[in-house]
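Small disclaimer: the values here were computed from a predicted structure and weren't measured.
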Amino acid sequence: MSGKGAWEDGNQSSLGQFILLGVSDRPQLELLLFVLILISYTMTLLGNTTIIMVSWLDPHLHTPMYFFLSNLSFLDLCYTTSIGPQMLVNFHSAHKSISLAGCVAQLYISLSLGCTECLLLAVMAYDRYAAVCQPLRYTAIMSRRLCLQLAATAWLCGFSNSMLQTILTLQLPRCGQNQIEHFLCELPALLKLACVDTSANEAELLASAFFFLLVPLGLILVSYGYIGAAVMRIHSVKGRLKAFNTCTSHLAVVSLFYGTAISMYLQPPSSYSQDRGKMVSLFYTMVTPMLNPFIYTLRNKEVHGALCRVLGRIPTTQGT
């Protein structure tokens, strides 16, 4: 049995839908998570939308760094929106179901955006390398055309890989099982439903995780190795601090995202801990996208200045 039919087998009551168990056996924790995720989702929308709008409206931020940061903010908006609303509905409802089409869409979109973010963070590290190590040639290296090509490649590779993973997962028969021990339709949790040997799928998933997690992380570390060496050659303390400050935000985001994603995907799904997996997933799907705007703007004087300029251009209503 394969394809869509494999995932629609079983009795009529479970036909075409899944039950997302989450923490339904702990109602008080469910209520707490509902409140926390609602706050997190709202702050994610506000923070990332602000970065996109300011980067677009202020000409001073029309640089490669803020072009990629806008891509990251748009990605985080889509990522949390593909997961957050459904999660909130299920936390607030006694019937915690999701349709087959909804589950497939959630799996495909969230996995696509996760893979894209892995590559986009590596591209942003290369941008920082060019800015710090090749300052005189920076504008020539990071041309608008190259920036568009790098961003497009990251998005295309992410969505192509997700298509393959989704198709391979849909081909597994589940023998009537439709209860997912998770808040969302995530790959390791879905592989647990299969009633056949999934070792081939696990091997393919680990290979994909190696390519999308370890390879970009290796490139990021190499970039920052060169950046560190270049910073140490700067004699001025002020110059060192300026170079260092341009990289700390990106390093913080990399640490948060890659740390949780590696702990989740660089292990065989057969050894997947359900309770631990739920909490880790909540962190990198809801908390990290909320923190990213604050990490990039908290100490960023360019964004502070841009916000003041943009808000200063907004007309205010004068009393008559």
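Within the 4.5 Å cutoff, no side-chain heavy atoms of Leu31 are placed close to those of Phe91. Using a 4.5 Å cut-off on side-chain heavy atoms (C-beta onward), Cys103 and Leu190 make contact. A 4.5 Å side-chain heavy-atom check between Phe34 and Met87 finds every atom pair outside the cut-off. The side-chain heavy atoms of Asn71 and Thr116, taken from C-beta on, include no pair separated by under 4.5 Å. Counting only heavy atoms from C-beta outward, the side chains of Ile180 and Ile19 never approach each other to under 4.5 Å. With a 4.5 Å cut-off on side-chain heavy atoms, Phe68 and Cys147 count as touching. The shortest side-chain heavy-atom distance between Gln106 and Glu186 does not fall under the 4.5 Å cut-off. Within the 4.5 Å cutoff, no side-chain heavy atoms of Ile109 are placed close to those of Cys78.
Summarising the geometry of Thr153 relative to Gln149, their closest heavy-atom pair is OG1-O, 2.7 Å, with the distance given to 0.1 Å. Counting all heavy atoms, side chain and backbone alike, Gln86 lies closest to Ser97 at NE2-O, 3.4 Å.
Separating the CG atom in Leu61 from the CZ atom in Phe67 is a distance of 14.0 Å, to the nearest 0.5 Å. From His250, atom NE2 reaches atom CE of Met65 across 9.5 Å, with rounding to the nearest 0.5 Å. Atom CD of Gln165 is separated from atom OG of Ser160 by 12.0 Å, given to the nearest 0.5 angstrom. A distance of 13.0 Å separates OH of Tyr224 from CG of Leu219, quoted to the nearest 0.5 Å. A distance of 4.5 Å separates CZ in Phe159 from OG in Ser112, rounded to the nearest 0.5 Å. How far CE of Met290 is from CG of Leu46: 12.0 Å, rounded to the nearest 0.5 Å.
Follow the hydrophobic side-chain contacts under 4.5 Å out from Phe257 and you reach Val280 in the same cluster. Using a 4.5 Å cut-off between side-chain heavy atoms of Ile, Leu, Val, Met, Phe, Trp and Tyr, with links allowed through other members, Leu282 and Phe294 fall into the same hydrophobic cluster. Cluster annotation: Ile39 and Leu45 are assigned to the same hydrophobic cluster (Ile/Leu/Val/Met/Phe/Trp/Tyr, side-chain heavy-atom contacts under 4.5 Å, transitive). Side-chain heavy atoms closer than 4.5 Å link hydrophobic residues (I, L, V, M, F, W, Y) into clusters, and following such links, even through other members, never connects Phe212 to Leu168. Under the 4.5 Å side-chain heavy-atom criterion for Ile, Leu, Val, Met, Phe, Trp and Tyr, Val89 and Val35 are members of distinct hydrophobic clusters.
A donor-acceptor pair under 3.5 Å links the side-chain atoms of Ser40 to the main chain of Met286, judged by distance alone. Checked by atom type and distance alone, the side chain of Thr198 never pairs as donor or acceptor with a backbone atom of Asn201 at under 3.5 Å. Proximity of a side-chain donor or acceptor of Thr80 to a complementary backbone N or O of Leu77 within less than 3.5 Å is detected. Checking side-chain atoms of Asn48 against main-chain N and O of Thr44 turns up a donor-acceptor pair under 3.5 Å. Judged by distance alone, the side chain of Ser162 and the main-chain N or O of Tyr108 form a donor-acceptor pair under 3.5 Å. A donor-acceptor distance shorter than 3.5 angstrom exists from the side chain of His62 to the backbone of Trp56, with no hydrogens or angles considered.
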- [ ] Please assess Glu30 against Lys96 for the test salt bridge (charged side-chain N to carboxylate O under 4.0 Å, His left out), listing each intermediate value before the final yes or no.
- [x] CA-CA 12 Å; Glu30 202 169 48; Lys96 305 176 189 305; 2.9 Å; yes
Task: From CA spacing to verdict: side chain to side chain contact (heavy atoms under 4.5 Å, CB included), Ile98, Cys185 - done: CA-CA 9 Å; Ile98 184 172; Cys185 292; 4.1 Å; yes
Open item on the list: Please determine whether side chain to side chain contact (heavy atoms under 4.5 Å, CB included) holds for the pair Ile37 and Phe183, giving the CA-CA distance in whole Å, both sets of side-chain angles, and the decisive distance to 0.1 Å.
Closed with: CA-CA 12 Å; Ile37 289 172; Phe183 304 114; over 6 Å; no
Task: Trace of the side chain to side chain contact (heavy atoms under 4.5 Å, CB included) decision for Tyr66 with Leu69 - done: CA-CA 5 Å; Tyr66 292 100; Leu69 182 55; 3.9 Å; yes
TODO: Apply the test side chain to side chain contact (heavy atoms under 4.5 Å, CB included) to residues Asn292 and Ser73: give CA-CA distance (whole Å), side-chain angles for both, the deciding distance (0.1 Å), then the verdict.
DONE: CA-CA 8 Å; Asn292 286 354; Ser73 293; over 6 Å; no
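Taking the six-membered ring where the residue is Trp, Tyr79 and Tyr284 present parallel rings, their angle staying beneath 30° rather than reaching 60°.
Within a 6.0 Å radius of CZ in Phe74, no more than 12 heavy atoms belonging to other residues, nucleotides or ligands are found.
For Ser208 and Asn161, the side-chain atoms include at least one donor-acceptor pair closer than 3.5 Å.
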Could you pull out all donor-acceptor pairs under 3.5 Å where a side-chain atom in residues 117-134 meets a protein atom, sequence neighbours excluded?
unit_1	atom_1	unit_2	atom_2	d
Asp127	OD1	Tyr138	OH	2.5

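Qualifying side-chain contact (heavy atoms from CB on, under 4.5 Å) partners for Leu291, counting only residues two or more places apart in sequence or in other chains: Leu256, Val287, Ile295. Partners of Leu214 by side-chain contact (heavy atoms from CB on, under 4.5 Å), not counting sequence neighbours, listed by chain and number: Phe210, Ile262, Leu266.
With Cys115, the cysteine Cys157 has an SG gap of 2.5 Å or longer.
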